[in-house]
Every structure is written in structure tokens, then in C-alpha cells.
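Computation of the quantities below employed the complete heavy-atom set of this structure, encompassing side-chain atoms and omitting hydrogens, waters and symmetry-equivalent molecules.
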Amino acid sequence: PVFAGMNGSAIENFSCVIYNIFLMNCTWQAGRDAPADTQYFLYWQKSRDEEEIECELYIKDENWRNMGCIFQNVTIGTEKTYFLVNGSSKDSLIQFYDEYIDLYKIEILTAPLNVTAHCTRDSVGCLITWHPPLTSHVKKAKCFQYEISIQDK
């Protein structure tokens with residue numbers, strides 16, 4: 001059966017973010033009714049054409065239970081990425097959790113680069129310039145929108 005395992009044993013609050021261009025951090029909480037010895041394992045598949053890959057660097061809680069994963073060298077493609085977290089326990093079967101995520105939706109962009117401000121005393125005011133932030137998937141600068149907040153005149 002698709003949902004074999006004890007009810008309430010699957011992970012909860014699964015969340016991933018991509019930061020610093022190519023790092024991804026995924027975290028979760030143990031199922032509220034999971035046995036104390038439950039260990040979780042995260043697998044992901046970037047596209048249908050690629051193999052499923054298990055996490056190589058788990059984040060562990062105080063009981064050495066896997067509660068997250070850090071991925072390096074992540075590239076953002078056009079297909080949804082498949083994530084699967086399954087679990088094991090000597091006491092009972094553990095339900096799995098799975099989700100498809102568009103990676104571009106979870107990227108936290110870096111700040112714009114080379115921000116400069118040139119101000120004059122006359123009525124011309126200030127000229128503020130910058131370059132788009134670094135990203136692994138956006139190639140066109142016109143895809144970004146910016147907002148300037150002037151804190152002190």
C-alpha cells in the first residue's frame with residue numbers, strides 16, 4: 001500500500017531553501033507518533049532522467065536522528081525536483097513523505113553586487129547603481145525588480 005506504516009510516523013514540516021547560489025538546506029521534524037528509534041533518510045531526484053540520490057550530509061538532532069540535510073553544488077533546472085523521506089524503526093513500519101518542488105521558488109537570492117552611490121550637493125541628488133545578484137538559473141538582468149529604501153537623507 002502507498003501509505004503503509006504507522007499513522008503519524010511520517011516526517012512533518014518539510015522545508016528546503018537554496019542559498020549562496022549553490023547550497024540547499026532541507027529540514028523536517030519527526031512524526032508526532034514515530035517510535036523513538038525512528039531514523040529518517042532523504043532522497044531527491046533532480047529530473048526524471050537522473051538517478052535518485054541520498055543525502056550525503058545529514059543534520060542530526062541531540063538523539064542522532066537525521067532531521068535535515070545540506071546539499072552542495074545544487075543547480076536549478078526547469079523540472080520539478082522530487083524529494084522523498086522514508087524512515088525505519090525496529091518497532092514498526094514508518095510512513096514515507098514525498099513532495100515535488102520547483103527549486104527556483106525556494107532560492108534566497110544574494111544581495112545585489114557592486115552597489116555604489118554618488119551624491120552631489122546640488123539638486124541633482126544621488127545616482128545609485130548596482131549589478132544583479134548571483135544566481136545559478138536567472139540569466140537575464142531584466143528578470144529582477146529592485147526597491148531602494150533611503151534611511152537617512
Side-chain angles (χ1 to χ4, degrees), residues 2-3 8-32 34 36 38-88 94-153:
V2 173
F3 294 105
S9 63
I11 62 155
E12 299 174 357
N13 300 320
F14 182 78
S15 174
C16 296
V17 295
I18 296 174
Y19 60 99
N20 288 349
I21 304 162
F22 62 88
L23 297 174
M24 181 169 63
N25 186 1
C26 297
T27 58
W28 59 84
Q29 294 174 331
R32 62 187 164 284
T38 303
Q39 185 61 280
Y40 294 104
F41 304 95
L42 172 61
Y43 299 86
W44 74 315
Q45 187 176 17
K46 294 181 194 178
S47 71
R48 295 179 193 273
D49 301 330
E50 295 188 38
E51 297 261 336
E52 220 172 61
I53 303 168
E54 183 180 357
C55 172
E56 293 181 1
L57 183 58
Y58 281 107
I59 301 166
K60 298 183 178 292
D61 67 8
E62 63 278 357
N63 298 317
W64 288 97
R65 186 184 302 192
N66 297 337
M67 301 308 287
C69 181
I70 298 171
F71 295 98
Q72 299 177 350
N73 300 319
V74 173
T75 55
I76 298 175
T78 56
E79 292 185 47
K80 286 183 181 280
T81 300
Y82 178 68
F83 292 88
L84 169 74
V85 181
N86 63 21
S88 66
I94 305 301
Q95 289 181 331
F96 70 87
Y97 172 91
D98 66 342
E99 182 176 355
Y100 285 92
I101 297 175
D102 284 316
L103 294 184
Y104 73 89
K105 291 182 179 178
I106 61 169
E107 183 177 19
I108 298 171
L109 296 174
T110 62
L113 304 171
N114 300 325
V115 177
T116 60
H118 297 288
C119 299
T120 60
R121 290 192 178 271
D122 57 23
S123 62
V124 174
C126 295
L127 174 64
I128 302 171
T129 60
W130 60 87
H131 292 101
L134 297 175
T135 176
S136 67
H137 70 289
V138 177
K139 305 300 181 210
K140 297 179 183 173
K142 67 181 182 180
C143 292
F144 293 99
Q145 293 181 351
Y146 301 95
E147 180 177 310
I148 297 174
S149 175
I150 299 174
Q151 301 296 320
D152 191 7
K153 292 185 180 181

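Distance check, rounded to the nearest 0.5 Å: CG of L23 to CD of Q72 gives 6.0 Å. Atoms CG and SG, from L42 and C26 in turn, are 5.5 Å apart once rounded to the nearest 0.5 Å. Remark: N25 CG to L57 CG distance equals 9.5 Å, nearest 0.5 Å. For the atom pair OG1 (T27) and CZ (F14), the distance works out to 8.0 Å, reported to the nearest 0.5 Å. One finds the OG1 atom of T38 at 11.5 Å from the CG atom of N86 (value rounded to the nearest 0.5 Å). Note that CD of E62 and CE of M67 are 8.5 Å apart. Values are rounded to the nearest 0.5 Å.
When all heavy atoms are compared, the tightest approach of L103 to M24 is CD2-SD, 4.1 Å. The two atoms that bring A34 and S9 nearest to each other are CB-O, 3.8 Å, heavy atoms only. Shown here for P132 and Y146, the closest heavy-atom pair between the two residues is CA-OH, 3.2 Å.
For the cysteine pair C69 and C55, the distance separating the two SG atoms is below 2.5 Å. Under the 2.5 Å cut-off for SG-SG separation, C119 and C126 qualify: their sulfur atoms lie closer than that.
One N or O on the side chain of W28 and one on the backbone of N66 form a donor-acceptor pair closer than 3.5 Å.
Applying the side chain to side chain contact (heavy atoms under 4.5 Å, CB included) test to Q29 and every residue at least two apart in sequence or in another chain returns N13. Here I21 pairs with T110, L134, S136 under the side chain to side chain contact (heavy atoms under 4.5 Å, CB included) rule; sequence neighbours left out. Not counting sequence neighbours, the partners of E12 by the salt bridge (charged side-chain N to carboxylate O under 4.0 Å, His left out) test are R32. For E99, the side chain to side chain donor-acceptor pair (under 3.5 Å) test picks out Y97, with sequence neighbours left out. Residues that satisfy the side chain to side chain contact (heavy atoms under 4.5 Å, CB included) test with I148, not counting sequence neighbours, are I128, W130, I150. Annotation: side chain to side chain contact (heavy atoms under 4.5 Å, CB included) contacts of T129 (sequence neighbours excluded): T116, L127. Partners of K80 under the salt bridge (charged side-chain N to carboxylate O under 4.0 Å, His left out) rule, at least two apart in sequence or in another chain, are D102. N114 pairs by the side chain to side chain donor-acceptor pair (under 3.5 Å) definition with H131, not counting sequence neighbours.
Sorted by first then second residue, the side chain to side chain donor-acceptor pair (under 3.5 Å) pairs that include residues 40-50, not counting sequence neighbours, number zero. Note on residues 13-31: no pairs pass salt bridge (charged side-chain N to carboxylate O under 4.0 Å, His left out), not counting sequence neighbours. Applying the salt bridge (charged side-chain N to carboxylate O under 4.0 Å, His left out) test to pairs two or more places apart or on separate chains, none has a residue in residues 66-75.
Counting heavy atoms from C-beta outward, I59 and I70 have side chains that approach closer than 4.5 Å. Within the 4.5 Å cutoff, no side-chain heavy atoms of I18 are placed close to those of F71. Within the 4.5 Å cutoff, no side-chain heavy atoms of F41 are placed close to those of I94.
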